[in-house]
Structures are given as C-alpha cells and as structure tokens.
Number of protein chains: 2
Amino acid sequence: MAQLFHPSREDITLAGVLSALADPMRLRIVKSLMEQKDCMSCTAAAPCPDMAKSTLSNHFRILRESGLIHTTKQGVEHRNVVREADLNARFPKLLKTILGYAE
Amino acid sequence: MAQLFHPSREDITLAGVLSALADPMRLRIVKSLMEQKDCMSCTAAAPCPDMAKSTLSNHFRILRESGLIHTTKQGVEHRNVVREADLNARFPKLLKTILGYAE
DNA sequence: TTCAATAGTTCACTAGTTCTGAACCATTGA
DNA sequence: TCAATGGTTCAGAACTAGTGAACTATTGAA
C-alpha cells in the first residue's frame, strides 16, 4: 500500500480547503471528526452507511491531500483527525466559521 | 436571451457558496467586485485578460446561480454586484473570512 | 501456519463537469 | 442600416467523481 500523503502546513491552500469542504458528504465527515474530538476510522466517520467503500476512500483521500485531516494506520484501520492546529494557523477561524453553518 | 436566474436568499446553500468560491478565478472575481464597491461589467472583473469569453461567462453564471452575485443588464453590458446583504444574513462573516485569505 | 474476516486502496468503467472556439443574440452609436 | 461591443449558447475535448470488482495489509482463530 502506498504511503499516505499529507501536505505540510504551508502547502495547505484556500482553494484546496474550500473545494474539499464544498462537498456535503466531506463536510459531514469533517464535522463528525470535529465533534468526536478523537481519532475515528473511515467507516466510523462515514456520513451514510450505504456509500460505496471506494467512494468513501476517495473522499478521505481528498480530505487528506487538501490538508484537512491527518490519517495514520493503526492495525487494520486508519485513524483520522482534523488538522485543527494547522488549519487555524493557516486560516484562523475559517474552519470554525464554515462548520458552524454545516447542518 | 434567457432571463438571468438568481436564487432567493433562503435558497443560497453553503455547499453552493463554497464550491463557487473554491475556484481561484471565481474567488478573484468576487474579490474584485467587493473591492470595487460598485457594479462592474463581466470583462472589467475578469481575473485575467486572456481567459476565453465563454469561460468567463460560465464563471459568472456559476457565481450568479450560487447566489454570490447579482447581475443586471444595463445597455450592452451586464453589471455585477456581490450579494453581501443576502450572504451576511444567511452565513454571517463567512464571505469576509474567506475573502480575507484570498491572495 | 493457514485461513477467514475486516478495513481500505486501486483499477476500469460510466456519467457528469469544465474549458474552449465558433456561432450567435442584443444593444448602441455612427 | 451596419459595424462594434458585451455576453450567451453550443458542441467537442479533457478532466473529475461515483461505483463494483479485485486487490493488499492486518488481525485473530483454528
């Protein structure tokens, strides 16, 4: 399995963050992760149970590559956290403002 | 020519706004319009002069249909304004926060 | 060790979107 | 009436997203 790519803090772009969050499913994933305040596996954070695994995997990849989440392998599953510190350093209040309006 | 469609204030969605602003060109268009504080024609607000007319037209349509801008026909040209009041009523501070990070 | 179960990824396909040039429409001014 | 200006629409090429099937990696049980 290929190494999971994460952009460094300074490589996180506004366009990347916005386009990652522009998808309602990904917005719900990030919201779930934020509310949990703890690492979550991909399936645990899935916005709806009937979503195809490959689709879910793709959403997590987009969130990861845009710098919104950090993923680590832990045994058989992947643990995900929102990169709050990096995002707040890069774009203060942006994440909180956007997530505040997510249903 | 078809009538220009504008969503009503309550039909402006977060996903629509975010995906409209997720494109760097559209972000620059909105930023220009905000800075101008006055109506601007489509070509005047164009982020780069070499962009195809059809592409520009499409960007303005997306901005219009997502509720970000309001367009009125005035003679031969279209005058555009950012729907600040509607956006601030719907998602307070969102626009200002996002545009603050646009280069 | 072997084998099945679990959690994700990758691949190939289909469906939809974006960018572009060409053709078009509406308004204005000569 | 006719050319110029400012946009829109259309069709095609290039790209992107969603999905099932096949795959990889880890774990736990026999």
Side-chain angles (χ1 to χ4, degrees), chain A residues 1-7 13 15-30 32-33 36 38-66 68-82, chain B residues 1-6 13 15-30 32-33 36 38-66 68-81:
Chain A
M1 201 176 292
Q3 201 59 25
L4 299 172
F5 170 75
H6 293 91
T13 65
V17 169
L18 293 181
S19 94
L21 293 178
D23 183 285
M25 291 303 156
R26 290 196 290 266
L27 198 58
R28 287 170 62 183
I29 291 171
V30 173
S32 294
L33 291 175
Q36 203 63 20
D38 206 24
C39 289
M40 279 177 98
S41 70
C42 295
T43 40
C48 40
D50 57 335
M51 174 175 280
K53 272 201 308 178
S54 49
T55 306
L56 193 61
S57 175
N58 190 47
H59 282 315
F60 274 92
R61 184 183 56 77
I62 290 170
L63 289 172
R64 199 163 56 229
E65 295 183 351
S66 67
L68 270 160
I69 64 172
H70 190 273
T71 306
T72 45
K73 292 188 67 173
Q74 198 159 43
V76 76
E77 60 185 24
H78 287 197
R79 309 294 287 172
N80 301 284
V81 235
V82 178
Chain B
M1 201 177 296
Q3 201 60 24
L4 299 172
F5 170 75
H6 293 91
T13 65
V17 169
L18 293 181
S19 94
L21 293 179
D23 183 285
M25 291 302 157
R26 290 196 291 266
L27 198 58
R28 286 170 63 182
I29 292 173
V30 173
S32 292
L33 290 175
Q36 205 61 22
D38 206 23
C39 288
M40 279 176 99
S41 70
C42 296
T43 39
C48 41
D50 57 336
M51 173 174 281
K53 271 202 308 179
S54 49
T55 307
L56 193 61
S57 175
N58 189 48
H59 281 316
F60 273 92
R61 183 182 58 76
I62 290 170
L63 288 172
R64 200 163 55 229
E65 296 184 352
S66 68
L68 270 160
I69 65 172
H70 191 272
T71 306
T72 45
K73 292 189 67 174
Q74 198 159 44
V76 76
E77 61 185 23
H78 287 197
R79 309 295 286 172
N80 302 284
V81 235

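Because the structure is predicted, anything quoted here is derived from the model rather than measured. Residue numbers begin at 1 in each chain, while the letters A, B, ... track the order of the sequences.
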What pairs with A:Ser54 under side chain to side chain contact (heavy atoms under 4.5 Å, CB included), at least two apart in sequence or on another chain?
A:Ala52
Output all residues satisfying side chain to side chain contact (heavy atoms under 4.5 Å, CB included) with A:Ala46, sequence neighbours left out; order by chain, then residue number.
A:Leu56
If only side-chain N and O atoms of B:Arg64 are considered, is one of them under 4.0 Å from the OP1 or OP2 phosphate oxygen of D:dT8?
yes
Checking A:Thr71 now: which residues fulfil side-chain hydrogen bond (donor to acceptor under 3.5 Å, both in side chains) with it, not counting sequence neighbours?
A:Asn80
Under the side-chain contact (heavy atoms from CB on, under 4.5 Å) criterion, do A:Val17 and A:Leu21 qualify, and how do the steps go?
CA-CA 6 Å; A:Val17 169; A:Leu21 293 178; 4.0 Å; yes
Whole angstrom is fine here: how far is it from NZ in A:Lys73 over to P in D:dT24?
13 Å
Which salt bridge (Lys or Arg N to Asp or Glu O under 4.0 Å) pairs, counting each pair once, include a residue from residues 44-65 of chain A, with sequence neighbours left out?
A:Arg61-A:Glu65
Tell me which residues in residues 54-63 of chain B lie within less than 4.0 Å of DNA chain D, going by non-hydrogen atoms.
B:Ser54, B:Ser57
Find the distance A:Lys53:NZ to D:dT24:P and express it as a whole number of Å.
14 Å
What integer distance in Å separates A:Glu77:CD from D:dT24:C1'?
16 Å
When every non-hydrogen atom of A:Pro7 is compared with those of A:Ser66, the smallest separation belongs to CG-C, 4.1 Å
With side-chain contact (heavy atoms from CB on, under 4.5 Å) as the test, would you mind laying out the steps for B:Val81 and B:Ile69 before giving the verdict?
CA-CA 5 Å; B:Val81 235; B:Ile69 65 172; over 6 Å; no
Rounded to whole Å, CD of A:Gln74 lies from P of D:dA25 at a distance of 19 Å
Which part of the nucleic acid does B:Arg26 contact within heavy-atom distance under 4.0 Å: base, sugar-phosphate only, or nothing?
nothing
Whole-Å gap separating P (D:dT24) and CG (A:Leu4):
17 Å
Atom-pair distance (CG on A:Asp23; C1' on D:dG18), nearest Å
11 Å
Let me check the geometry of the helix from C:dT1-D:dA30 to C:dA30-D:dT1. What is the bend angle between the axes at its two ends, five pairs each, to 10°?
10°
Sequence neighbours excluded, the answer for side chain to side chain contact (heavy atoms under 4.5 Å, CB included) partners of A:Thr72 is A:His70, A:Arg79
Taking OP1 and OP2 of C:dT9, is either one under 4.0 Å from a side-chain nitrogen or oxygen of A:His78?
yes
Send over the distance from B:Glu65 CD to C:dT17 P, rounded to a whole Å.
12 Å
For B:Ile62, check side chain to side chain contact (heavy atoms under 4.5 Å, CB included) against everything at least two apart and list the hits.
B:Ala20, B:Arg26, B:Asn58
